Enquirer: 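Structure in structure tokens, see below.
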Number of protein chains: 2
Amino acid sequence: MEAPVERTRIRRLPDKAVHDRAALHAVLDAGMVAHVAFVHDGQPFAIPVAYARDGESVLFHGSTGSRLFRLLATGVPCCLTVTLLDGLILARSAFEASMRYRSAMVLGACAPVTEKTEALRAVAEHLMPGRWEVIRPPSAKELAATSVLRLPLDEWSLKVSDGWPEATPEDEGWSPPTGVIPIRTELGELIPGEVT
Amino acid sequence: MEAPVERTRIRRLPDKAVHDRAALHAVLDAGMVAHVAFVHDGQPFAIPVAYARDGESVLFHGSTGSRLFRLLATGVPCCLTVTLLDGLILARSAFEASMRYRSAMVLGACAPVTEKTEALRAVAEHLMPGRWEVIRPPSAKELAATSVLRLPLDEWSLKVSDGWPEATPEDEGWSPPTGVIPIRTELGELIPGEVT
């Protein structure tokens, strides 16, 4: 258990806040996409990235040709959020309807990674375990075209909603089916093919 | 087809840019969670929200007790992104490995919705079609505790990756299985239950 710092202290529904670093790791390890927020010319952006957790940081990559990646590499403030949807919570009232979810938010600044090959391997292995062993590793030219960033897990919050719908006294007389509809994300079988 | 404005013109992989408003609607209609980016005290945040498309805008809601929702309601610049993951693209090389995805990004400023009940119905019906007819509608007290925001679909971009892995001349001699592993998000059967 760790005390959250003020900026990431969860004020809304604080009973949903989880301060266990192992739980944070588990959410980051289970996700496939993160949304990275940052500001460019006064406009906030949220862009999706593939990522991997590497110990106490998150790695993600993009093109060195991307303005936004070049900006992130300078260490501007950013926020990386990974949200897993686990279910729909069907209550008797509209107000109590909600979702089961796990959402990890990391605040900080990115730094460029120089050991790019190892970092790219981590991201590939996160999404496609075992795949790195059988594919052609990046060439020097490909590495030069790739920006890899590291965001440390220093300032973070984790919010977990895993409960059941709640009935209120006002619900008396309303009796729709209630409970939880699970949401599952699954990988199918490989559809072979490529463009040569 | 519409010409994108400069801020949302897709520079990286511009062949993946889609300018068809019907395609934007389809992505927003298929998603279950959006990430909203905004800036608070110089720090960008990306928070997950349930939402619905309502014609040419997106609606989402939160608690009037939330500092972040109160900030968004003042019309600060924000970005709402919905990303759907459709598949893993397995190429012969690490560099060509990627994902099939559809990502819609909307820039703008939110405005508070006064017709809250209709907006909440839209969000509920987006996630749980038909549900609104059988549940207790929000009371005046519940509505007062709920902030509903509207973000118009004025400035937006849509990026779609739906291709196959590509082989490069350097891949000669590498022959791992290649193709696409589909990613599917599915709803299960209702698990009955509630807390009273």
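Proteins come first, then strands; the chains are lettered A, B, ... in the order of their sequence lines, and each starts at number 1. As the structure is a computational prediction, the values presented were derived from the model and not from experiment.
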Enquirer: Name the member of Val76(B), Leu127(B), Leu107(B), Val39(B) that forms the most heavy-atom pairs with chain A at distances under 4.5 Å.
Expert: Leu107(B)
Enquirer: Hey, are the side chains of Arg184(B) and Thr185(A) touching, using non-hydrogen atoms and a 4.5 Å cut-off?
Expert: no
Enquirer: Please list, in residue-number order, every residue in residues 23-33 of chain A that has a heavy atom less than 4.5 Å from any heavy atom of chain B; write 'none' if there are none.
Expert: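 Counting heavy atoms that sit under 4.5 Å from chain B, the residues of residues 23-33 of chain A involved are Met32(A), Val33(A).
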Enquirer: Using every non-hydrogen atom in the two residues, find where Trp132(A) and Ala94(B) come nearest and quote the distance to one decimal.
Expert: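 Residues Trp132(A) and Ala94(B), closest heavy atoms: CZ3-CB, 3.4 Å.
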Enquirer: Using the salt bridge (charged side-chain N to carboxylate O under 4.0 Å, His left out) criterion, which residues pair with Arg150(A)? Sequence neighbours excluded.
Expert: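 Checked Arg150(A) against salt bridge (charged side-chain N to carboxylate O under 4.0 Å, His left out); matches are Asp54(A).
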Enquirer: Sort out for me which of Pro44(A), Gly42(A), Gly87(A), Gly179(A) touches chain B most, counting heavy-atom pairs under 4.5 Å.
Expert: Pro44(A)
Enquirer: Between Met105(A), Glu166(A), Met128(A), Arg92(A), who has the most heavy-atom pairs with chain B when the cutoff is under 4.5 Å?
Expert: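 Between Met105(A), Glu166(A), Met128(A), Arg92(A), the count favours Arg92(A).
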Enquirer: Looking at Met99(A), Glu96(A), Arg121(A), which one has more heavy-atom pairs under 4.5 Å with chain B than the rest?
Expert: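 Going by pairs under 4.5 Å, I would pick Met99(A).
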Enquirer: Would you mind telling me which of Leu90(B), Asp171(B), Asp41(B), Leu120(B) has the largest number of heavy-atom pairs within less than 4.5 Å of chain A?
Expert: Leu90(B)
Enquirer: Non-hydrogen atoms of chain A under 4.5 Å away: do they reach the side chain of Ile89(B), the backbone, both or neither?
Expert: backbone
Enquirer: Between Arg136(B) (side chain only) and Gly173(A) (backbone N and O only), is there a donor and an acceptor less than 3.5 Å apart?
Expert: no
Enquirer: With the side chain counted from C-beta on, respond yes when Ile135(A) and Ser93(B) share a heavy-atom pair under 4.5 Å apart, and no when they do not.
Expert: no
Enquirer: Can you tell which part of Arg131(B) gets under 4.5 Å to a heavy atom of chain A, answering side chain, backbone, both or neither?
Expert: side chain
Enquirer: Under 4.5 Å between side-chain heavy atoms, hopping through other hydrophobics if needed: is there a path connecting Trp174(B) to Leu143(A)?
Expert: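 No, Trp174(B) and Leu143(A) fall in different hydrophobic clusters.
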Enquirer: Would you kindly confirm whether Leu59(B) and Tyr51(B) end up in one hydrophobic cluster when ILVMFWY residues are joined by side chain heavy atoms under 4.5 Å apart?
Expert: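 Unlinked, Leu59(B) and Tyr51(B) end up in two clusters.
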Enquirer: I'd like to know which of Ala91(B), Ala97(B), Pro138(B), Ala50(B) tops the heavy-atom pair count under 4.5 Å against chain A.
Expert: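 The candidate making the most pairs under 4.5 Å is Ala91(B).
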Enquirer: Roughly how far, to the nearest 0.5 Å, is CZ of Phe38(A) from CD of Gln43(B)?
Expert: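 Separation between the atoms: 13.0 Å.
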Enquirer: Output, in order, the C-alpha distance, side-chain angles, deciding distance and verdict of side chain to side chain contact (heavy atoms under 4.5 Å, CB included) for Glu186(A) and Ile183(B).
Expert: CA-CA 6 Å; Glu186(A) 284 169 3; Ile183(B) 300 173; over 6 Å; no
Enquirer: For the interface with chain A, which of Ser139(B), Pro182(B), Pro177(B) has the highest count of heavy-atom pairs at distances below 4.5 Å?
Expert: Pro182(B)
Enquirer: Between Leu88(B), Val36(B), Thr146(B), which residue shows the highest count of heavy-atom pairs closer than 4.5 Å to chain A?
Expert: Leu88(B)
Enquirer: Looking only at heavy atoms, which of residues 189-196 of chain A get nearer than 4.5 Å to chain B?
Expert: Glu189(A), Leu190(A), Ile191(A), Pro192(A), Gly193(A), Glu194(A), Val195(A), Thr196(A)
Enquirer: With only heavy atoms counted, which part of Thr168(B) is less than 4.5 Å from chain A, the side chain, the backbone, both or neither?
Expert: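 For Thr168(B), the side chain is the part near chain A, not the backbone.
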Enquirer: Tell me which donor-acceptor pairs under 3.5 Å the side chains of residues 77-84 of chain A have, and how far apart each pair is, sequence neighbours excluded?
Expert:
{"from": "Thr81(A)", "atom 1": "OG1", "to": "Ala46(B)", "atom 2": "O", "distance (Å)": "2.7"}
{"from": "Thr83(A)", "atom 1": "OG1", "to": "Ser103(A)", "atom 2": "OG", "distance (Å)": "3.1"}
{"from": "Thr83(A)", "atom 1": "OG1", "to": "His35(B)", "atom 2": "NE2", "distance (Å)": "2.8"}

Enquirer: Please rank Gly163(B), Pro169(B), Pro137(B), Pro48(B) by heavy-atom pairs under 4.5 Å with chain A and give me the top one.
Expert: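 Sorted descending by pairs with chain A, the first entry is Pro48(B).
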